Asks: 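Got a structure for you, written out below as structure tokens; questions coming shortly.
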Amino acid sequence: QVQLIESGGGLAQAGGSLRLSCAASGRAFGSYFMGWFRQAAGKEREFVTAISRSGSSTSYADSVKGRFTISRDNAKNTVDLQMNSLKPEDTAVYYCAATSLGLITPRTQAADYDYWGQGTQVTVSS
């Protein structure tokens, strides 16, 4: 089992940057694919990005490709999300998630993820 705690959310202006971090506790962090999802008010939770166990493979939603970067440090049990060129439509609660499913390509469906953090609010003003 793994526990996840996100940090780094807050308020940013359009065009600005924020960096989210997710700290995992529990065993075998390196055995999990890690993902970031977000949920805007009144909308369903959506996939943002995910990374493989070793960090060698990543997936991004088209809406964030080229602006967001996911990375992980298995020695520190952390996964980060660097968000650049933020847009007002990036405003949402961002969730870190972990799954033991997958071989090479990270999973992009929320239903595939077993463990979730409590979420951190990101607000982008225009």
Side-chain angles (χ1 to χ4, degrees):
Q1 204 169 19
V2 62
Q3 293 79 42
L4 305 172
I5 299 177
E6 304 96 336
S7 61
L11 178 65
Q13 290 188 335
S17 298
L18 282 174
R19 188 176 183 89
L20 305 183
S21 186
C22 175
S25 60
R27 296 184 177 182
F29 174 74
S31 69
Y32 293 96
F33 281 76
M34 299 299 297
W36 286 95
F37 291 76
R38 66 186 181 187
Q39 188 167 17
K43 295 188 177 181
E44 293 188 354
R45 191 168 300 189
E46 65 174 4
F47 170 76
V48 176
T49 180
I51 190 167
S52 62
R53 297 180 178 93
S54 67
S56 61
S57 179
T58 57
S59 293
Y60 293 93
D62 288 342
S63 59
V64 306
K65 202 170 293 184
R67 300 188 298 120
F68 290 12
T69 302
I70 189 172
S71 61
R72 68 186 296 165
D73 186 333
N74 287 344
K76 296 181 179 179
N77 284 11
T78 58
V79 57
D80 291 344
L81 179 62
Q82 178 66 42
M83 305 185 293
N84 298 328
S85 303
L86 284 164
K87 303 176 180 180
E89 51 263 43
D90 294 320
T91 295
V93 177
Y94 283 71
Y95 297 90
C96 175
T99 179
S100 56
L101 298 177
L103 292 176
I104 298 176
T105 303
R107 298 297 181 105
T108 62
Q109 300 297 313
D112 289 339
Y113 285 77
D114 306 304
Y115 305 103
W116 294 83
Q118 82 288 351
T120 185
Q121 177 70 47
V122 170
T123 302
V124 183
S125 63
S126 58

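Just so we're clear, the structure is a prediction, and the values are computed from it rather than from any experiment.
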Asks: Which heavy atom of Phe47 sits nearest a heavy atom of Thr108, and at what distance?
Replies: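 Minimum heavy-atom separation between Phe47 and Thr108: CB-O, 3.2 Å.
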
Asks: List the residues meeting ring-ring contact (aromatic ring centres under 6.0 Å, His included) with Phe33, not counting sequence neighbours, and say none if there are none.
Replies: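 Listed in chain order: nothing, the list is empty.
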
Asks: Using 0.5 Å steps for rounding, measure from the CG atom of Leu101 to the CG atom of Asp114.
Replies: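 The CG atom of Asp114 is 6.0 Å from CG of Leu101, to the nearest 0.5 Å.
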
Asks: Take atom CG in Leu11; do more than 12 heavy atoms of anything else shown fall under 6.0 Å from it?
Replies: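 Atom CG in Leu11 is packed in, count exceeds 12.
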
Asks: Can you give me the closest heavy-atom contact between Ser126 and Pro88, atom names plus distance?
Replies: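 Closest approach of Ser126 to Pro88, heavy atoms only: CB-CG, 3.8 Å.
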
Asks: Rounded to the nearest 0.5 Å, what separates atom CD in Gln13 from atom OG in Ser125?
Replies: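 So the gap between those two atoms works out to 5.0 Å.
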
Asks: Quick test of your reading of the model: are Lys87 and Asp90 salt-bridged, counting only N-O distances below 4.0 Å?
Replies: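 Not counted as a salt bridge, because no side-chain N and carboxylate O are separated by less than 4.0 Å.
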
Asks: Rounded to the nearest 0.5 Å, what separates atom CD in Glu6 from atom OG1 in Thr120?
Replies: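 Going from the CD atom of Glu6 to the OG1 atom of Thr120 covers 7.0 Å.
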
Asks: Should the heavy atoms of other residues, nucleotides or ligands under 6.0 Å from CD of Gln109 be counted, would the total exceed 12?
Replies: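 Not buried by this count: 12 neighbours or fewer within 6.0 Å.
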
Asks: I'd like to check Ile51 versus Pro106 (side-chain heavy atoms, cut-off strictly below 4.5 Å). Are they in contact?
Replies: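 A side-chain contact is absent here, since even the closest heavy-atom pair is not under 4.5 Å.
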
Asks: With a cut-off of under 6.0 Å to the ring centre and 45° to the axis, is Arg72 in cation-pi contact with Tyr32?
Replies: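 Not satisfied by the 6.0 Å and 45° rule.
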
Asks: Decide yes or no for Glu44 and Glu46: does some side-chain heavy atom of the first lie under 4.5 Å from some side-chain heavy atom of the second?
Replies: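 Result no, sub-4.5 Å side-chain heavy-atom pair not found.
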
Asks: Does Val122 belong to the same Ile/Leu/Val/Met/Phe/Trp/Tyr cluster as Trp116, with side-chain heavy atoms less than 4.5 Å apart forming each link?
Replies: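 Val122 and Trp116: separate clusters.
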
Asks: Heavy-atom count around Gln118 CD within 6.0 Å, excluding the residue itself: above 12?
Replies: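 More than 12 within 6.0 Å, yes.
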
Asks: Heavy atoms only: give me the nearest Ala12-Leu86 pair and the separation to one decimal.
Replies: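 Closest pair (atom of Ala12, atom of Leu86, distance): CB-CD1, 3.8 Å.
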
Asks: May I ask whether Val64 and Val93 are part of the same hydrophobic cluster, defined by side-chain heavy atoms of I, L, V, M, F, W, Y residues being less than 4.5 angstrom apart, directly or through others?
Replies: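 Hydrophobic grouping puts Val64 apart from Val93.
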
Asks: Taking atom CZ of Arg67 and atom OG1 of Thr49, what is their separation to the nearest 0.5 Å?
Replies: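 Atom-to-atom, Arg67:CZ and Thr49:OG1 are 12.0 Å apart.
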
Asks: Which pair of non-hydrogen atoms, one from Asn84 and one from Ser17, has the smallest distance, and what is that distance?
Replies: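 Between these two residues, the closest heavy atoms are OD1-OG, 2.9 Å.
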
Asks: Quick one: do Thr91 and Arg38 satisfy side-chain contact (heavy atoms from CB on, under 4.5 Å)? Show the steps, please.
Replies: CA-CA 9 Å; Thr91 295; Arg38 66 186 181 187; over 6 Å; no

Asks: As an exercise, state the distance from CG of Asn74 to OG of Ser54, rounded to the nearest 0.5 Å.
Replies: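 The OG atom of Ser54 is 8.0 Å from CG of Asn74, to the nearest 0.5 Å.
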
Asks: Among Arg53, Met34, Lys76, which one satisfies side-chain contact (heavy atoms from CB on, under 4.5 Å) with Phe29?
Replies: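 Only one option passes, and that is Met34.
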
Asks: Count I, L, V, M, F, W, Y as connected when their side-chain heavy atoms are under 4.5 Å apart, and connections chain through other members. Are Tyr60 and Leu20 then in the same cluster?
Replies: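 Yes.
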
Asks: Spell out, yes or no, whether Phe37 and Val124 are grouped together once hydrophobic residues are joined by side-chain heavy atoms under 4.5 Å, including indirect joins.
Replies: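 Looking at the clustering, Val124 is in a separate group from Phe37.
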
Asks: Rounded at 0.5 Å granularity, tell me how far CG in Leu81 sits from SG in Cys96.
Replies: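 So the CG of Leu81 and the SG of Cys96 are separated by 9.5 Å.
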
Asks: Main chain of Ser52, side chain of Ser57: is a donor-acceptor contact present, judged purely on distance under 3.5 Å?
Replies: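 No; zero donor-acceptor contacts below 3.5 Å.
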
Asks: Do Val79 and Tyr95 belong together in a cluster built from hydrophobic side chains that touch within less than 4.5 Å?
Replies: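 Val79 does not cluster with Tyr95.
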
Asks: Using a 3.5 Å distance criterion without hydrogens, assess whether the side chain of Gln82 forms a donor-acceptor pair with backbone atoms of Arg19.
Replies: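 Not confirmed, Gln82 side chain does not pair with Arg19 backbone.
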
Asks: Is a side-chain donor or acceptor of Tyr113 paired with a backbone partner of Trp36 at a separation under 3.5 angstrom?
Replies: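 Not a single qualifying donor-acceptor pair exists.
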
Asks: On a heavy-atom basis, which atom in Gln1 and which in Gln3 lie closest, and how many Å separate them?
Replies: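 Shortest heavy-atom separation between Gln1 and Gln3 comes out as CG-NE2, 4.0 Å.
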
